[in-house]
Amino acid sequence: MHKRFDHQEIEKKWQTKWATDGLYDVGSRDQEKEKEYVLVEWPYPSGNLHIGHWYAFAVPDIYVRFLRMKGKQVLFPMGFDAFGLPAENAAIKRGINPKDWTESNIEYMRNQLASMGNAFSWDKTTSSTDPEYYKWTQWMFTKFFENGLAYRGEGMVNWCPHDNTVIANEQVHADGSCDRCGNQIEKRLMPQWMLRITDFADALIDDLDALDWPEHIKEAQRQWIGRSEGAEIDFELFFTYQPEANANRGPHGEKAALKVFTTRPDTLFGATYLVLAPEHPWITLATDNNHHVLENKEEVLAYARIAKQKGDIERGDNTKEKTGIELKGVVAINPANNERIPIFVADYVLSGYGTGAIMAVPAHDERDFAFAKKFDLKIRQVVVPRTEQKGIEKYQEGKETLHRDCVDMIIEHPTDDTFLLQTDTVTHFVGGGTDGEPAEKAIRREIVEETGFTNFEIVSCVLESAKSIGFRVPKDKNQITNNSFYHVKLKDLTQVASEIDEGKHTVEWVTMEEVNSKIAWEHHRIAWNTFLGSVFSGSGSLINSKEFDGMDSEEAKIAITEKVGGWMTNTYRLRDWSIGRQRYWGVPIPIVYDPEGKAHAIPEEHLPWTLPEDVDFKPTGVPPLAKSQELKERTEKIFGQGWRPEVETMDTFVDSSWYFLRYIDNKNSESFSGVEAQKTWLPVDLYFGGAEHTTMHLLYSRFWQKALHRLGLAEHAEPYARRINRGLILGPDGNKMSKSKGNVIDPDEQVTNVGADTVKMYLAFMGPYAEVNNYPWDMGGIAGIRRFLERVNGLHEHITDTEAKETTVALHKTIKKVSEDIIEFKFNTAISAMMIYINLIEKVGLTKESYRVFLCMLAPFAPHITEELWKTAGEKNSIHLQEFPTFDAVLTIGRTVTIGVQINGKLRGDITIAPDAAEEDAVNMAKNNPQLAEKLSSKIIKKVVYVPGRILNIILDET
RNA sequence: GCCGGGAUGGUGGAAUGGUAGACACAGGGGACUUAAAAUCCCCGGCCCUUUAACAAGGCGUGCGGGUUCAAGUCCCGCUCCCGGCACCA
């Protein structure tokens, strides 16, 4: 029976009671119980809880409460990540101190969080702005500094002109905008405090394998770190402009050489020139006033200057034409064959990656190829790619099919009259002419129509499956109807083809101009280009490589590197983490400089090194702490005359890199997190969060943990055993919520209207939680959940003295389903199962005992109303201290089950039968079923497929 | 371009290879009511043919093939959408 209730009164009452009783305080680790550390990302106290917070915190609470009722000791802490720009900006706007603004927001948000009714372990809370917290942030920084993991570096940094501060690489979006404010960042050269995250690049990649994280996050981190396995090889230089000059030779007299990094040392014999990045130090050296080795020094300098001025975006555009300039007066020696090869400077080589110098192998690298084409440089193929042919072989039977040899022929002889034809008749071919027209004939007709050629023979046909050997469909859809190519050859050239097969012709590379002029249509050129792509990137067996001919690429990589005295090494895309911020509201970097300017860590007894309050923190680009008289005096007082403080603060991602360590031991004044606490609580068993942290917070905190671990300060090398990413809640219009669109759902308003239980259950009901799906908020949908809870509220009116066996079966089935779904974060289907259950109960009634069981099952989802009903039912203790109901496996199986009956694989009716009935009985029942009898009578049964409890499929002999 | 993920009614979404569309929303019809809201009951993928009607049949999970007694699910090949990386050698 539907029965309304006053959610405001009920929820307030129980929230107060739970808080008074400390019902959810977790206390110290109880070794009698299994532990579960469930972490949600601590919020920034912006002053208002939004619906995303609800989705992030209230839904995982179902899981937490379930585990509590299952007897685990569950740590579910909450705190505040309270340093950062918004507080500072708000404070500037209001003319107050960020501290006051932050503290009042925390207070306000704690109340909002309380209205959620979550089972938070408030006794374990912490905040990054608490001096007792940031004292340890600073302490760990000093340990890193003392061990070389934090250092003052000089280099290009990302400067946000809007926020007036440096930001880290991870905090710059792909389009060059700032993660915080969205404005375009600029590059600046300035000294920076860095954390040596690159030291852990291998561990950060390798340790991912053991983590129970979604694959896409692991993959994104791998890509971000960007490990390339390859070799470093020295190319000696030979000077032609001023051979007697030795100024360019190294200080110790060794021969001048350029070091390149390559992932393809197997193609060394094909390296026909070198390219240096415009910023390469050798360019600087060779063009300074002491050296006279370049014939065209001025030209080179001019090019380098222009290249450096270009923005990253312009330089990163790989579609634009390659530019560069040759260094006249010097050549390099290819160590594999002692060939003298030219050296270029070109902006397609990046200074920040590898050694900033590359060996160019135009036959096997598209970029080098494009460059070589433009500058008319030598191109030498040294690897014959092995191409995958899956998909081709499938169509071989009875047909002449496109074999790799055929493709090679097109590629190697693009100047003959071979061409590719693309048509839409491939289905005729493969399907064997379903509409009657023979395949060969259909194709022939197409070709005549398309080309006008009449004297030809069809060599082969290939589906788009030929992708693996290099064919691609053009993007212009108007030109194609089905994705297929035919390889067609003019008849009088067949002779040539067979001679090629016999090896009578040698392989030559040709220019693209020749290719373009000979291939009939634009999309054929695309297919051609794509094939070249597969040559470029492919590995295979070596040619033109002397004693290495015939060797496999992979083997040759090591062998050739060894021969030329190079060494296998890795290079990474990841850069060190720049953490200094020229802003006020953050953790002061605990460093002081002596009168000589040398940096010293502030000793532990002076920590926390507090944030001074006597500053004007308006962002001007000058760090606000530089204006603090108090900080200056404090420094001199402690360390002496002429000492000065570091005036930068830390990136707030530092604060959040270790908060999970503080939660578990939040009152410890001797240590950031005690060994015992770490041993008994860590690692975090489950970390719920959003997708935006993939290559920021999640990467930083893994690094931080590894750094602590290396220094012997942390027990574990990985912080989070399991990660679940959730999606986004969209506005009712299906768009991302934003004030400008006017589609923002205010959770407080929703809670006032329908109650916390309803809001929470509705969020859980939208769809599976552990998938990054975005769900639109639906006003009707939430009303449906409220209706459900009102029916639950009236459920006691259906209590009867006894209930049917099948009703008990339904309850046990529901318990099973709900228990299983919760641990898979499929809260939506768990709720659905409970709805199905009460739909039944309202018709047939339930016993008092079943009613109690049902309430316990619902308790994690709707903690307030179930507590109310529990007490109304005469119980004394909180429902949240009850055990979660268990199911009896025997009782989850009903006496009968309705299964579908198929005849010849098509569903024709159903029968209701015991789940373990014998096949014979099932068939008999089907024969006696009026729906089915007619179809079965007088027919011979050829075969019966019977899966008890599932399906009965009767195959009839139709002949 | 490379890597990861996805596509099921009007909507969110259900389906260990076994009755596709559970559950819920929106919608339609009915009951109650002077009326409305609330509540309760019923209907609901598409199509066509046959039928007065009940019903029977055919087609349906982005597209094309395949495996199987049976495919949303497995295999091969594609299309489109979302996310990450991208002149990274």
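Within every chain, numbering begins at 1; the chains are lettered A, B, ... in the order of the sequence lines, protein sequences first and strands thereafter.
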Novice: A:Leu574 has an atom CG; how far is it from atom P of B:C85, in whole Å?
Specialist: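 That distance rounds to 13 Å.
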Novice: Is it true that the NZ or CZ of A:Lys322 lies under 6.0 Å from the centre of A:Tyr348's six-membered ring and within 45 degrees of the ring axis?
Specialist: yes
Novice: For A:Met696 and B:G84, what is the distance between atoms CE and P respectively, to the nearest whole Å?
Specialist: 10 Å
Novice: A:Arg787: what forms a salt bridge (Lys or Arg N to Asp or Glu O under 4.0 Å) with it, not counting sequence neighbours?
Specialist: none
Novice: Would you check if the distance from the ring center of A:Tyr273 to the ring center of A:Phe375 is below 6.0 Å?
Specialist: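 Judged by ring-centre distance (under 6.0 Å), A:Tyr273 and A:Phe375 do not meet the cut-off.
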Novice: Applying ring-ring contact (aromatic ring centres under 6.0 Å, His included), can you list everything that pairs with A:Phe825, at least two apart in sequence or on another chain?
Specialist: A:Tyr63, A:Phe688
Novice: Check this one for me: any side-chain N or O of A:Asn839 less than 4.0 Å away from OP1 or OP2 of B:A24?
Specialist: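 A:Asn839 to B:A24 OP1/OP2: side-chain N or O found under 4.0 Å.
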Novice: I'd like to know if A:Lys322 reaches the base of B:C87 with its side chain, counting only an N/O donor and acceptor under 3.5 Å.
Specialist: yes
Novice: Nearest to the A:Ile951 side chain among B:C85, B:G18, B:C88, which nucleotide is it?
Specialist: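 Out of B:C85, B:G18, B:C88, the nucleotide with an atom closest to A:Ile951's side chain is B:G18.
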Novice: Could you give the distance separating B:A56 and B:C48 at their C1' atoms, to the nearest angstrom?
Specialist: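 Looking at atom C1' only, B:C48 and B:A56 are 13 Å apart.
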Novice: Does A:Phe235 have any ring-ring contact (aromatic ring centres under 6.0 Å, His included) partners at least two apart in sequence or in another chain, and if so, which?
Specialist: none
Novice: Could you report the tightest heavy-atom contact between A:Thr694 and A:Ile217, atom names first, then the distance?
Specialist: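 Smallest heavy-atom distance, with atoms named: CG2-CG2, 3.7 Å.
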Novice: Can you sort out the partners of A:Lys813 under salt bridge (Lys or Arg N to Asp or Glu O under 4.0 Å), two or more places apart, ordered by chain and number?
Specialist: none
Novice: Using heavy atoms to find the nearest nucleotide of RNA chain B for A:Pro768 and A:Gly900 separately, return the residue whose nucleotide is more 5′.
Specialist: A:Pro768
Novice: Classify the nucleic acid contact of A:Arg227 as base, sugar-phosphate or nothing, counting any heavy atom under 4.0 Å across all strands shown.
Specialist: nothing
Novice: Is there a side-chain contact between A:Ser228 and the phosphate of B:A89, meaning an N or O under 4.0 Å from OP1 or OP2?
Specialist: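 True: A:Ser228 side-chain N/O within range (under 4.0 Å) of B:A89 OP1/OP2.
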Novice: Where do N or O atoms of nucleotides 37-41 of chain B meet protein N or O atoms at under 3.5 Å, pair by pair?
Specialist:
none

Novice: Does B:G45 sit syn or anti, given that only angles within 90° of 0 count as syn?
Specialist: anti
Novice: Does A:Thr814 use its side chain to pair, donor to acceptor, with the backbone of A:Ala810 at less than 3.5 Å?
Specialist: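 Confirmed, A:Thr814 side chain pairs with A:Ala810 backbone.
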Novice: Using whole Å, what does the distance between atom C1' of nucleotide B:G60 and atom NZ of A:Lys906 come to?
Specialist: 11 Å
Novice: Between A:Lys3, A:His7, A:His2, which is the residue that forms a side chain to side chain donor-acceptor pair (under 3.5 Å) with A:Glu790?
Specialist: A:His2
Novice: Starting at atom CG of A:Leu789, determine the distance to atom C1' of B:A24, rounded to an integer number of angstrom.
Specialist: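 To the nearest whole Å, that distance equals 13 Å.
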Novice: Expected output check: what is the dot-bracket annotation of RNA chain B, where ( ) and [ ] are pairs inside the strand (brackets for crossing ones), | is paired with another strand, and pairs are Watson-Crick or G-U under 3.5 Å?
Specialist: (((((((..(((.....[....))).(((((.......))))).(((.((....)))))..(((((..]....))))))))))))....
Novice: Looking only at atom C1', what distance separates B:A31 and B:A15, rounded to whole Å?
Specialist: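 Comparing C1' positions in B:A31 and B:A15 gives a spacing of 34 Å.
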Novice: Take the protein atom CG of A:Asn828 and the nucleotide atom C1' of B:G13, then report the distance between them rounded to whole Å.
Specialist: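 One finds 7 Å between C1' of B:G13 and CG of A:Asn828, rounded.
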Novice: Would you kindly give the CZ-to-P distance between A:Arg908 and B:G18, to the nearest whole Å?
Specialist: 20 Å
Novice: Can you name the atoms? Protein N/O to nucleotides 27-33 of chain B N/O, anything below 3.5 Å, with the distance.
Specialist:
none

Novice: Strictly by salt bridge (Lys or Arg N to Asp or Glu O under 4.0 Å), give each pair with a member in residues 268-279 of chain A just once, sequence neighbours left out.
Specialist: A:Glu279-A:Arg315
Novice: Determine the interatomic distance between P on B:G12 and the same-named atom on B:A86; round to the nearest Å.
Specialist: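 Per the computed distance, 33 Å lies between those P atoms.
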Novice: Expressed as a whole number of Å, how far does the P atom of B:G28 sit from that of B:C82?
Specialist: 34 Å
Novice: Within a 6.0 Å radius of atom NZ on A:Lys816, are there more than 12 heavy atoms belonging to other residues, nucleotides or ligands?
Specialist: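 No, the 6.0 Å shell around NZ holds no more than 12 heavy atoms from other groups.
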Novice: Please identify each residue that fulfils side-chain contact (heavy atoms from CB on, under 4.5 Å) with A:Ala357, with sequence neighbours left out.
Specialist: A:Val260, A:Leu276, A:His280, A:Thr355
Novice: Could you state the atom-to-atom distance from CD of A:Gln223 to P of B:G4 in whole Å?
Specialist: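 Going from CD in A:Gln223 over to P in B:G4 covers 9 Å.
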Novice: Where the side chain of A:Leu350 is concerned, which of B:A89, B:G12, B:C85 is the nearest nucleotide?
Specialist: B:A89
Novice: Which atom pair, heavy atoms only, marks the closest approach of A:Pro732 to A:Ile745?
Specialist: CG-CD1, 3.9 Å
Novice: For A:His693, which residues count as a ring-ring contact (aromatic ring centres under 6.0 Å, His included) partner, sequence neighbours excluded?
Specialist: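 Partners of A:His693 under the ring-ring contact (aromatic ring centres under 6.0 Å, His included) test: A:His697.
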Novice: Rounded to whole Å, how long is the line connecting atom CG of A:Asp365 with atom P of B:C88?
Specialist: 8 Å
Novice: Kindly write out the residues that satisfy salt bridge (Lys or Arg N to Asp or Glu O under 4.0 Å) with A:Arg227, not counting sequence neighbours, or none if the list is empty.
Specialist: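 Testing A:Arg227 for salt bridge (Lys or Arg N to Asp or Glu O under 4.0 Å), a comparison that skips the adjacent residues, returns A:Asp202, A:Asp206, A:Glu229.
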Novice: Within the sub-3.5 Å range, which N or O atoms of nucleotides 15-17 of chain B have a protein N or O partner, and how far apart are they?
Specialist:
unit_1, atom_1, unit_2, atom_2, d
B:U16, O4, A:Arg950, NE, 2.7

Novice: Would you kindly compare A:Thr323 and A:Val901 by the position of their nearest RNA chain B nucleotide and give the one closer to the 5′ end?
Specialist: A:Val901
Novice: What are the two closest non-hydrogen atoms of A:Gly226 and A:Tyr353, and how far apart are they?
Specialist: O-OH, 4.1 Å
Novice: Rounded to whole angstrom, note down the P distance from B:C25 over to B:C42.
Specialist: 14 Å
